[in-house]
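Worksheet for the structure shown next.
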Amino acid sequence: MDSGDQLIPIAESLPALVDFRARNSSTKIFIDFAAPTTETPRISFQEFRGLNIAAASSLHSLGVAAGDRVALLAPNSLIYVLLLFGAQR
């Protein structure tokens with residue numbers, strides 16, 4: 001087990017878990033889209049954290065606030081994952 005595979009403490013939320021992994025294993029792959037048409041098929045925890053914060057900021061600028069319900073209808077994609085996690089941040 002290398003340092004990036006250390007046990008992860010129970011996180012209070014998915015964004016907190018992403019933050020933890022971005023700090024402790026930033027270069028490890030968070031998600032890998034194997035489809036050859038995907039523009040960014042491999043995203044590390046550190047890259048995902050930055051994209052996730054940007055997605056959350058975009059939602060916030062649209063008026064989404066803590067406690068709001070957000071519906072998401074999208075194909076399986078990086079954008080779907082970003083918005084799913086961004087809505088929780």
Side-chain angles (χ1 to χ4, degrees):
M1 180 182 328
D2 66 26
S3 62
D5 293 331
Q6 65 188 354
L7 293 177
I8 301 169
I10 295 175
E12 59 200 41
S13 65
L14 284 176
L17 182 60
V18 170
D19 291 346
F20 174 83
R21 291 296 298 216
R23 281 191 311 273
N24 295 291
S25 52
S26 62
T27 59
K28 293 249 183 205
I29 299 302
F30 171 78
I31 196 163
D32 185 356
F33 287 99
T37 59
T38 304
E39 292 177 18
T40 54
R42 302 183 93 188
I43 304 291
S44 71
F45 279 95
Q46 186 63 38
E47 291 168 323
F48 182 78
R49 182 178 183 274
L51 293 170
N52 178 237
I53 290 170
S57 294
S58 294
L59 289 170
H60 181 72
S61 71
L62 293 171
V64 176
D68 286 354
R69 294 180 181 173
V70 176
L72 178 59
L73 180 60
N76 291 340
S77 63
L78 178 58
I79 291 173
Y80 177 86
V81 176
L82 287 170
L83 290 174
L84 180 68
F85 277 72
Q88 297 179 47
R89 190 170 276 277

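We count residues from 1, following the sequence as given. For the numbers below, each heavy atom of this structure counts, side chains included, while hydrogens, waters and symmetry mates do not.
Residues in residues 61-89 take part in these ring-ring contact (aromatic ring centres under 6.0 Å, His included) pairs, two or more places apart or across chains: Phe30-Phe85, Phe48-Phe85. For residues 50-77, no pair satisfies ring-ring contact (aromatic ring centres under 6.0 Å, His included), with sequence neighbours left out. The side chain to side chain donor-acceptor pair (under 3.5 Å) pairs that include a residue from residues 61-73 number zero, where partners must be two or more places apart or lie in different chains.
Arg49 is linked by a side chain to side chain donor-acceptor pair (under 3.5 Å) to Asp19, counting only residues two or more places apart in sequence or in another chain. With sequence neighbours left out, the side chain to side chain donor-acceptor pair (under 3.5 Å) criterion links Gln46 to no other residue. Applying the side chain to side chain contact (heavy atoms under 4.5 Å, CB included) rule to Ala55 yields the partners Leu82; only residues at least two apart in sequence or on another chain are considered.
Both Val64 and Leu84 sit in one connected hydrophobic cluster of ILVMFWY residues. Membership requires side-chain heavy atoms under 4.5 Å apart, directly or through other members. Both Leu78 and Phe45 belong to a single network of hydrophobic side chains, linked directly or stepwise wherever heavy atoms of I, L, V, M, F, W or Y lie under 4.5 Å apart. The hydrophobic clustering, which links ILVMFWY residues whose side-chain heavy atoms are closer than 4.5 Å, places Leu72 and Ile79 together. Residues Ile29 and Ile31 fall into different hydrophobic clusters, defined by Ile, Leu, Val, Met, Phe, Trp and Tyr side chains chained together at heavy-atom separations under 4.5 Å.
Pro15 approaches Arg89 most closely through the heavy-atom pair O-NH2, 3.5 Å.
Going from atom OG1 of Thr27 over to atom CD of Glu47 covers 10.0 Å, rounded to the nearest 0.5 Å.
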